[in-house]
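Note that the structure is a prediction, hence the values are computed from the model and not measured. Values below: all heavy atoms of this structure, side chains included; hydrogens, waters and symmetry mates excluded.
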Amino acid sequence: MDKLATVILQKGRKKRLEQGHPWIYKNEIEAVEGNPLPGDLVHVVNHQGRYLATGYYNPASQITVRAVSYREIGHMDQAFFAERFLACLKHRERFLNEGNAYRLVYGEADFLPGLIVDRFDDVLVIQLLTLGMDARRKEIVDALVEVMNPRGIYERSDVPIRELEGLEQRKGAVYGDCPRYVTVRENGLLIRVDIEEGQKTGYFFDQRENRASIEPLMTGWGGRSGITIQDVEENGQMVKRPVNKSGKIVTFPYWDGATVLECFSHTGSFTLHACKYGAKKVTCLDISQHAIDSASENVELNGFGDRVEFVVDDAFQYLRSQVKGLEERQKRAASVSEKVDTSQKMTAGGGRTWDVVILDPPAFAKTKSAVKGACRGYKDINLHGMKLVNEGGYLVTASCSYHMRPDLFLATIQEAAADAGKILRLIEWRAAGKDHPQILGVDEGHYLKFAIFEVRSRTF
């Protein structure tokens, strides 16, 4: 085994490495023995010379060493990566029922910091985020071919974080045949993924289990419209059928379903799940025409076209306009005795409400300094979103900003509820799915917060 350079850590540093965190910052290093080149493996020892880990080195990055092994190794060759990829595959096969679409490699949580691999059926999409991984792209690709035998491997290293490592952004096929669109399954639904132009690697697997958790919210709403199950005579026999207040049999199959608004829809994944679980009508909204086109294709692919309407708009603006219209309608209804001229056109549009409002925005706080502004953003959308939930309906809300810690996220939503005059009852609290495991002690992996709240007014 080749002799590696040694990184000696300061005595007074925090013992994060011993607690499972693989990052070593420049200001934690006391000295470097040897002359490692950027990307080389180095051994890491404490101030007493005791071995702690082996990682790859980049003096140009504030995260100077990223640990990849807690036993001494001399190479990150094809065999090393193949062994790690096989372990990743076994984890996914154990915990995921559907086997053709998931995050195969999740960076630090799979002991491969700086590497992301998503599987879309027989096509893999990779992100090489660090110099240490970029320097071993051939070994990584060869090992993926060995373990996964894919049709193609496409690189989506077109992310600014590479520039912090002194790397240029990269994008394109690196192996085999890579079609732009790949159709996969999630929770029994068909999803058409654009691996070239879709956000990040094309699709967000981290919400898989969370999307399935909305199933109980999608039915049980027919009674609000006065529909009841009654015994009716058909062909000389008494059968149970849904009947409306006028005594007519309801033939629409989704009469008991919820009305749903999904904001920040991207590929329409929550819309698809809402329809699958019985929603009556879904409004699917995103600011991006490309995202709405993708969502529309997925809706048609699953046969839900008759229950979905699509809106291209800014979610903040759309929610505010609906609330403004709702408040104007309520003011008019409360002012009948004051002889308000209701023949005059309302100044505000909108005024719609839904049984379930789903908010799954992109990260508002990508840095610690952005948290204050992010709080305003999360409060804004949640405040307006919960105002549009019918009494006793549900707000489904998420944050993928790591810097928006769970307690701060909940406190922000609570502030929004107070301002909106709402009482929220927490029904579900979740994180990322099983293909996004979390290393205890690596807080950066605990980024996703997902909550379902029942929404009540203070006058119910």
Side-chain angles (χ1 to χ4, degrees), residues 160 194 197-200 202-204 207 211 214 259-274 279 281-299 308-329 345-367 370-390 393-401 403-404 409 412-413 415-417 419-420 422 448-451 453 455:
D194 183 350
E197 299 299 332
Q199 294 181 34
K200 298 292 182 69
Y203 189 68
F204 299 108
Q207 294 267 36
R211 288 187 275 260
I214 70 171
T259 56
V260 180
L261 169 63
E262 181 194 6
C263 297
F264 311 99
S265 65
H266 189 215
T267 54
S269 53
F270 276 101
T271 289
L272 297 177
H273 284 76
K281 190 72 176 180
V282 182
T283 304
C284 180
L285 179 145
D286 199 284
I287 196 172
S288 162
Q289 183 65 57
H290 178 271
I292 288 298
D293 290 342
S294 297
S296 178
E297 290 175 354
N298 284 324
V299 165
V308 181
E309 62 175 350
F310 298 96
V311 179
V312 178
D313 202 350
D314 175 78
F316 289 87
Q317 178 178 312
Y318 184 83
L319 292 170
R320 288 193 201 103
S321 68
Q322 297 302 323
V323 169
K324 188 175 180 180
L326 177 64
E327 290 173 346
E328 187 169 344
R329 290 177 188 275
K345 187 176 181 180
M346 291 176 59
T347 58
R352 297 177 62 185
T353 60
W354 290 265
D355 298 319
V356 180
V357 172
I358 301 172
L359 306 173
D360 183 22
F364 290 163
K366 295 185 178 180
T367 62
V371 169
K372 189 174 181 180
C375 288
R376 290 194 297 269
Y378 284 116
K379 181 177 179 180
D380 190 293
I381 59 168
N382 282 281
L383 185 149
H384 289 93
M386 68 181 70
K387 282 186 175 182
L388 299 176
V389 176
N390 292 328
Y394 296 91
L395 175 70
V396 179
T397 184
S399 167
C400 60
S401 300
H403 294 286
M404 190 75 175
F409 183 55
T412 302
I413 294 173
E415 287 181 15
D419 288 357
K422 302 293 184 180
L448 183 62
K449 286 77 60 180
F450 175 89
F453 294 99
V455 181

Parallel, tilted or perpendicular: which describes the rings of Phe364 and Phe316, with under 30° parallel and over 60° perpendicular?
-> tilted

[X] and [Y]: which non-hydrogen atoms are nearest, and at how many Å?
X	Y	value
Val282	Ala274	CG2-CB, 4.0 Å
Ala279	Val260	CB-CG2, 4.0 Å
Cys284	Ala295	SG-CB, 3.9 Å
Ile292	Val311	CD1-O, 3.6 Å

Check whether any side-chain N or O of Asp355 sits under 3.5 Å from a backbone N or O of Thr259 as a donor-acceptor pair, and report yes or no.
-> yes

Using side-chain heavy atoms (C-beta onward) and a distance below 4.5 Å, is [X] in contact with [Y]?
X	Y	answer
Arg211	Leu272	no
Arg352	Thr283	yes
Cys400	Leu448	yes
Tyr203	Ser269	yes
Ile413	Thr397	yes

For [X], side-chain hydrogen bond (donor to acceptor under 3.5 Å, both in side chains) partners two or more places apart:
X	answer
Ser296	none
Tyr394	none
Glu415	none

With sequence neighbours excluded, tell me which residues meet salt bridge (Lys or Arg N to Asp or Glu O under 4.0 Å) with Asp194.
-> Arg180

In chain order, what residues pass the salt bridge (Lys or Arg N to Asp or Glu O under 4.0 Å) check against Lys449, with sequence neighbours excluded?
-> none

Rounded distance [0.5 Å steps], CG in Asp360 versus CD in Glu262 = 7.0 Å

All N/O donor-acceptor pairs, side-chain side in residues 371-381, below 3.5 Å, sequence neighbours left out:
{"residue": "Tyr378", "atom": "OH", "partner": "Ser399", "partner atom": "OG", "Å": "2.9"}
{"residue": "Tyr378", "atom": "OH", "partner": "Ser401", "partner atom": "OG", "Å": "2.8"}
{"residue": "Lys379", "atom": "NZ", "partner": "Asp419", "partner atom": "OD2", "Å": "2.8"}
{"residue": "Asp380", "atom": "OD1", "partner": "His384", "partner atom": "ND1", "Å": "3.3"}
{"residue": "Asp380", "atom": "OD2", "partner": "Arg320", "partner atom": "NH2", "Å": "3.2"}

